[in-house]
2 protein chains.
Amino acid sequence: MVLINRKDLIDLFHENGYKVTPQRLAIFECIMGRRDHPSASEIHSELKREYPTISQATIYNTLHILRDIGAIQELGFEDGKTRFDPDTSIHVNLVCTACGKITDFTDEDLVKAWIGMVEKTAKKTVGQRLDLYYKCTHCSRMVSE
Amino acid sequence: MVLINRKDLIDLFHENGYKVTPQRLAIFECIMGRRDHPSASEIHSELKREYPTISQATIYNTLHILRDIGAIQELGFEDGKTRFDPDTSIHVNLVCTACGKITDFTDEDLVKAWIGMVEKTAKKTVGQRLDLYYKCTHCSRMVSE
DNA sequence: CTCCTTATTTGTAATTATTCTAAAGTAATA
DNA sequence: TATTACTTTAGAATAATTACAAATAAGGAG
C-alpha cells in the first residue's frame, strides 16, 4: 500500500510546477479519507459542503493533475464513470459487479509475478491496473433470494 | 487465448435464450476479426458498410449480451470510451497511454500467481482485467523528437 | 412451408459524464 | 504589497451511452 501524505503531495505539486490550492488539497484528502474509490461526482458532492462554490471543472482538472503526477490511479469503468484510487502500488482491485464496491487487495506472490512479467515485455511501464470481478456476499444474497 | 468460434457462439446464444441474428453474428465477427479491441463506434462504422441501416442501439445491445454470456470482455477507459476484447482468458492488456493501442500478452507464471491469488481471496470470480500501461515505441519517439 | 408470437432492430430523442471557455479570483515571487 | 501567471468558477458544449416506440424478423407450432 503506497499512500502519499499531505507534505509529500505539496512537494509533488511544487516539483511539477503546480500551485497548491485549498481545493487541490481537499480533493486529494477526500479520496484518501474515503476507502471506496469515489467518482468525480461523488467527490464533488462531498466537497460542496466545505466549499459550496467548488466547480466540476476544478474537480476534473485536479484529478487529472493528481493522476499525471502519480498521486492517484484513475480507473475507467464500463458504466461510463471513472473512479479514483489513492493507492498507486501494484495491487488488485476487488470489484463487485453488482453494487460496484471496490476493495484493495495485495498479494506478494502476484506482485512478484507481475514484476517478472513486466521485465519479459521489456516495456517501460507507466502504471498498471489489476481488477478481479466478483459478486460480494451482500449482492450474492440479493440474487438468491 | 480463449476465442469462441461461430458455432459455439450460436450455441451460446440459444443456451441463454437469445435469438441469433445476422447483426449479432456480424458484431462478434467484427471484434474477432480485428486485433485492436475496437470501441462501439468503431464497430458501428465498420459494419455500416455491410449493414447500412444498423443502428447504434443494436451495437450496444449486442455488446452487452456478448459480455453477459461471456463471449467478450468489456474494458472501460478513462477517456469515456469502452473497448471490447474477444479474449476472455486471464491475460495482460498492454495499453499505450499515448495512442491507445492495445496488445494482448499472456504469461504463464503470472496466470498461475493470479489463480493462486484468487484462491486466497476465496471469491467467486466472474472475470478479471489486467492492464499494463506504457508508451509504445512509436509514441516514445514522438515525444523525444 | 406459412402463420404467429415475441424478441430484436431501427431512428431518434434523452441522459449523463466529461470537456471547453472566458471572466473573476488567488498563489507565489520579487 | 504589487504583479503576473495560474487557477477557479459557472455555464455552455461535446460525446458516449441509454431509453423509447414503431417496424421488422427469428423460431416454434401447425
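Note that these values count all heavy atoms, side chains included, but never hydrogens, waters or copies made by symmetry. Keep in mind it's a predicted model, so treat the numbers as computed, not measured. A note on names: the letters A, B, ... follow the listed sequences, proteins ahead of strands, and every chain is numbered from 1.
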Assign [X] to base, sugar-phosphate, or nothing according to its heavy-atom contacts below 4.0 angstrom with the strands shown.
| X | answer |
| --- | --- |
| A/Q23 | sugar-phosphate |
| A/H14 | sugar-phosphate |
| A/N61 | sugar-phosphate |
| A/T53 | sugar-phosphate |
| B/S41 | nothing |
| B/S39 | nothing |

Self-check item: 5' precedence on DNA chain D between B/P22 and B/A40 (nearest-nucleotide basis)
Solution: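 Between the two, 5'-proximity favours B/A40.
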
Hey, which of these two, A/G17 or B/D79, hits DNA chain D nearer its 5' end, going by closest nucleotide?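 Checking each residue's closest nucleotide, the 5'-ward one belongs to A/G17.
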
Separation of [N] [atom2] from [X] [atom1] (nearest whole Å):
| X | N | atom1 | atom2 | result |
| --- | --- | --- | --- | --- |
| A/F13 | C/dA28 | CZ | P | 11 Å |
| A/F28 | D/dT7 | CZ | P | 18 Å |
| A/K81 | D/dA16 | NZ | C1' | 15 Å |
| B/H44 | D/dT18 | NE2 | P | 15 Å |
| B/Y51 | D/dA25 | OH | P | 12 Å |

query: When rounded to the nearest 0.5 angstrom, what distance separates CG in B/L94 from NZ in A/K123?
result: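 Reported value, rounded in 0.5 Å steps: 6.0 Å.
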
Residue pair A/N16 / A/H14, side-chain donor-acceptor N/O under 3.5 Å: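 There is no such pair (donor and acceptor under 3.5 Å, judged by atom type) between the side chains of A/N16 and A/H14.
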
Are A/R129 and A/F77 in a cation-pi contact, defined as NZ or CZ under 6.0 Å from the six-membered ring centre and within 45° of the axis?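 Yes; both conditions hold, so A/R129 lies above the ring face of A/F77.
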
**Message:** D/dT18, OP1 or OP2 - any side-chain N/O from B/H64 closer than 4.0 Å?
**Reply:**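 Yes, B/H64 has a side-chain N/O under 4.0 Å of OP1/OP2 on D/dT18.
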
It should be established whether B/T21 places a side-chain nitrogen or oxygen under 4.0 Å from OP1 or OP2 of nucleotide D/dA26.
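No, no such contact exists.
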
Taking everything shown except A/K120 itself, do over 12 heavy atoms lie less than 6.0 Å from its NZ?
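More than 12 within 6.0 Å, yes.
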
Query raised in the report: How far does the helix from C/dC1-D/dG30 to C/dA30-D/dT1 bend, going by the axes of its first and last five pairs, to the nearest 10°?
Result: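 Answer rounded to 10°: the end axes differ by 40°.
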
Review point. Closest approach of B/T125 and A/Y134, non-hydrogen atoms and distance?
Key: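 Closest approach of B/T125 to A/Y134: CA-CB, 4.3 Å.
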
Got B/D36 and B/K101 here, is their nearest side-chain heavy-atom distance under 4.5 Å?
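Sidechains of B/K101 and B/D36: no contact.
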
query: If you measure from the Lys or Arg side-chain nitrogens to the Asp or Glu carboxylate oxygens, is any gap between B/E46 and B/R34 under 4.0 Å?
result: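 Yes.
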
- Want to settle it: does B/G80 or B/R24 sit nearer the 5' end of DNA chain C, counting the closest nucleotide to each?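 In this pair, the answer is B/R24.
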
